[in-house]
> 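Mind having a look at this structure? Questions to follow.
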Number of protein chains: 2
Amino acid sequence: MPLPPFAADLTGFDLLLSVARLGSVGRAAAEHRISQPAASARLRELERRVGLTLLHRTPRGSTLTGTGALVADWARSAVDAADALAAGLAALRATHESRLTVAASQTVAEYLLPAWLVALRAAHPGLAVTLQAANSADVAAAVLAGQVELGFVEGPDLPAGLHAEVVATDRLTVVVAPAHPWARRRRAVTAAELAEAPMVSREAGSGTRRAFDQALGGLVAAAPMVELSSTTAIKHAVAAGSGPAVLSSLAVTAELTAGTLVAVPAAVPLQRRLQAVWRAADQLIGPARDLYAIARRT
Amino acid sequence: MPLPPFAADLTGFDLLLSVARLGSVGRAAAEHRISQPAASARLRELERRVGLTLLHRTPRGSTLTGTGALVADWARSAVDAADALAAGLAALRATHESRLTVAASQTVAEYLLPAWLVALRAAHPGLAVTLQAANSADVAAAVLAGQVELGFVEGPDLPAGLHAEVVATDRLTVVVAPAHPWARRRRAVTAAELAEAPMVSREAGSGTRRAFDQALGGLVAAAPMVELSSTTAIKHAVAAGSGPAVLSSLAVTAELTAGTLVAVPAAVPLQRRLQAVWRAADQLIGPARDLYAIARRT
DNA sequence: GTAGAGGCATAACCCAAGGTTATGACCTCA
DNA sequence: TGAGGTCATAACCTTGGGTTATGCCTCTAC
């Protein structure tokens with residue numbers, strides 16, 4: 001389960017990407033603020049560890065070999081993911097005197113915001129972003145109170161005084177363990193069936209749970225089998241066979257691909273809008289406006 | 001441009017994920033084959049570096065704090081990406097006596113295969129996969145010659161003797177730099193316009209180029225402005241303003257989000273099928289069959 | 001043809017991060 | 001109250017990765 005040692009440290013791959021872009025080990029070294037021999041040694045070590053020749057070194061520069069180019073492309077996604085992680089951490093850590101303050105609901109903070117922050121940083125290098133992650137209601141309250149300039153929430157119920165714009169649509173997915181009877185269903189489960197089934201669900205008041213309750217129309221959902229406060233915990237519980245759950249499709253793509261969870265077709269409109277919100281009295285300006293534009297573009 | 005130091009080394013985050021899953025620092029240490037004090041020190045160092053408290057340590061185990069859970073979720077995607085990189089590298093490096101041999105065209109090898117390999121490894125721990133990355137024609141030839149059990153190719157033209165099944169549909173996207181006149185277009189560009197415009201394109205014979213030529217119907221495309229052999233090089237050329245290009249939408253999502261490239265609506269059916277191919281005489285069995293199933297599920 | 005510039009490799013040296021084992025302090029539970 | 005689990009601290013060691021100095025190669029320009 002732990003990451004193999006040669007993949008855990010991305011600096012070598014990061015350096016490889018710089019070499020690919022700049023065409024020489026020396027220039028890549030300069031970009032990373034290390035000496036040329038250090039870069040050279042690092043790249044050699046990387047090749048030794050992965051057991052492949054990645055670079056074509058010549059007295060006039062270095063270029064990627066064929067497999068090197070493929071590896072570089074794979075490495076790029078890993079480095080990008082690490083970069084998104086770094087952007088999120090920087091936003092969490094930033095002090096409150098910084099320029100842009102944002103609050104986001106769990107789904108947005110978890111799955112969408114990191115990429116947005118990376119894009120925002122491209123437009124505003126050096127901008128410090130402060131992020132509050134909370135549930136939709138708290139996000140709305142923080143925006144209304146002026147603690148944050150911009151918020152991202154799920155679901156339709158919003159307090160007055162807020163201006164909201166839909167930035168994306170999130171589809172909810174019914175998931176079960178592969179061994180669950182529903183896993184083999186071809187006919188969509190009905191609202192009634194969903195209402196009857198005890199589910200693994202988030203706590204009452206979460207955006208995901210509210211969206212599900214609404215999707216049932218007039219029906220009232222059975223008491224949940226378990227209530228858990230994190231998406232990850234729910235996924236594990238479902239995979240272990242606890243019962244069905246309703247989760248954002250953003251949250252389960254990896255598990256569906258890996259086959260640890262199975263999506264069940266459902267005959268109810270499991271959609272919800274992800275909205276950007278700000279005070280109706282204010283105008284979005286500067287970085288907040290740009291972040292909103294980035295979010296819309298997704 | 002280089003990755004910040006605290007994000008380059010993922011081992012700390014990987015360890016954090018183990019703690020989250022197992023509930024104690026000691027058990028996480030065991031999973032990573034290091035001593036408990038080493039793990040403890042590493043986690044403390046991680047918290048120091050990111051400047052956040054991630055763990056709630058108690059005499060009966062350790063759990064994530066609120067921000068810890070959010071960070072863990074972000075970290076998971078970074079670790080997963082690194083894991084996909086590792087799976088790809090392992091497949092490239094594997095010796096030829098290993099059990100499963102696969103060949104894939106560039107688009108598949110770059111964007112889809114790593115995730116599939118991760119899923120495959122979940123089903124077959126320890127399985128060694130050998131990967132050949134080549135263009136569609138060479139992949140087909142390798143399958144036909146029996147050098148590889150399973151191939152993934154783009155486009156419709158296949159030699160006789162191969163069995164093919166569509167595993168995914170890939171949409172091609174016309175992209176330009178934000179400053180390009182087409183970037184502001186609301187009306188779709190026509191096939192005639194696309195045929196006339198000198199493009200930045202892959203070399204003749206690549207799957208992407210063939211698909212584009214076919215999409216023009218009877219029209220014959222203008223000579224390309226530049227021919228480049230890697231997707232990355234094309235993206236840079238387009239972003240620098242060289243002209244339009246037609247690329248797999250898988251290849252440009254990040255750039256579209258970041259705004260360095262802009263998608264142009266097109267009035268031609270820019271779709272192509274990604275197909276799994278194997279020898280018509282053979283039956284897919286074992287890991288090859290599972291990899292095919294995983295690919296279909298995507 | 002030769003000098004110079006740019007590029008990578010090697011050598012010698014140094015430092016610190018991170019590993020280990022041994023041990024202690026703390027809490028819970030039978 | 002003692003046993004068994006947890007995490008923290010201490011003392012020590014190894015090694016990966018950094019630095020500067022230098023050499024060799026190849027292409028280009030005069």
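Here is the naming used below: chain letters follow the sequence lines, and residue numbers restart at 1 for every chain. All heavy atoms count here, side chains included; hydrogens, waters and symmetry mates do not. These numbers come from a predicted model, not from an experiment.
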> Would you please name every residue forming a salt bridge (Lys or Arg N to Asp or Glu O under 4.0 Å) with B/R76, sequence neighbours left out?
B/D73
> Give every pair of a protein N or O atom and an N or O atom of nucleotides 15-19 of chain C that lie under 3.5 Å apart, one pair per line with the distance.
residue	atom	partner	partner atom	Å
C/dG18	OP1	B/R49	NH2	3.4
C/dG19	OP1	B/R42	NE	2.9
C/dG19	OP1	B/R42	NH2	3.4

> Going by the salt bridge (charged side-chain N to carboxylate O under 4.0 Å, His left out) test, which pairs reach into residues 225-238 of chain A, not counting sequence neighbours?
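Listed once each, the pairs are A/R209-A/E227, A/K235-A/E255.
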> Give me the distances for all protein-to-nucleotides 24-30 of chain C N/O pairs that come in under 3.5 Å?
none

> Sequence neighbours excluded, which residues qualify as side chain to side chain contact (heavy atoms under 4.5 Å, CB included) partners of B/V79?
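With neighbours one apart ignored, the set is A/L3, B/D14, B/L17.
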> Residues two or more places apart in sequence or in another chain: which of them pass salt bridge (Lys or Arg N to Asp or Glu O under 4.0 Å) with B/R27?
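Partners of B/R27 under the salt bridge (Lys or Arg N to Asp or Glu O under 4.0 Å) test: none.
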> Under the side chain to side chain donor-acceptor pair (under 3.5 Å) test, which residues partner A/R33, sequence neighbours left out?
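A/R33: no side chain to side chain donor-acceptor pair (under 3.5 Å) contacts found.
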> Only counting residues at least two apart or in another chain, list the ones meeting side chain to side chain contact (heavy atoms under 4.5 Å, CB included) with B/A41.
none
> In chain order, what residues pass the side chain to side chain contact (heavy atoms under 4.5 Å, CB included) check against B/T11, with sequence neighbours excluded?
A/A8, B/D9, B/R42
> How many whole angstroms separate atom CG of A/L43 from atom P of C/dC8?
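Going from CG in A/L43 over to P in C/dC8 covers 10 Å.
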> Under the rule for side chain to side chain donor-acceptor pair (under 3.5 Å), what residues qualify as partners of A/R49, not counting sequence neighbours?
A/E45
> Excluding sequence neighbours, so at least two apart, what forms side chain to side chain contact (heavy atoms under 4.5 Å, CB included) with B/A177?
none
> Anything under 4.0 Å to a heavy atom of chain B counts; send over the first and last such nucleotide of DNA chain D, read 5' to 3'.
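Contact span on the strand: D/dG5 to D/dT9.
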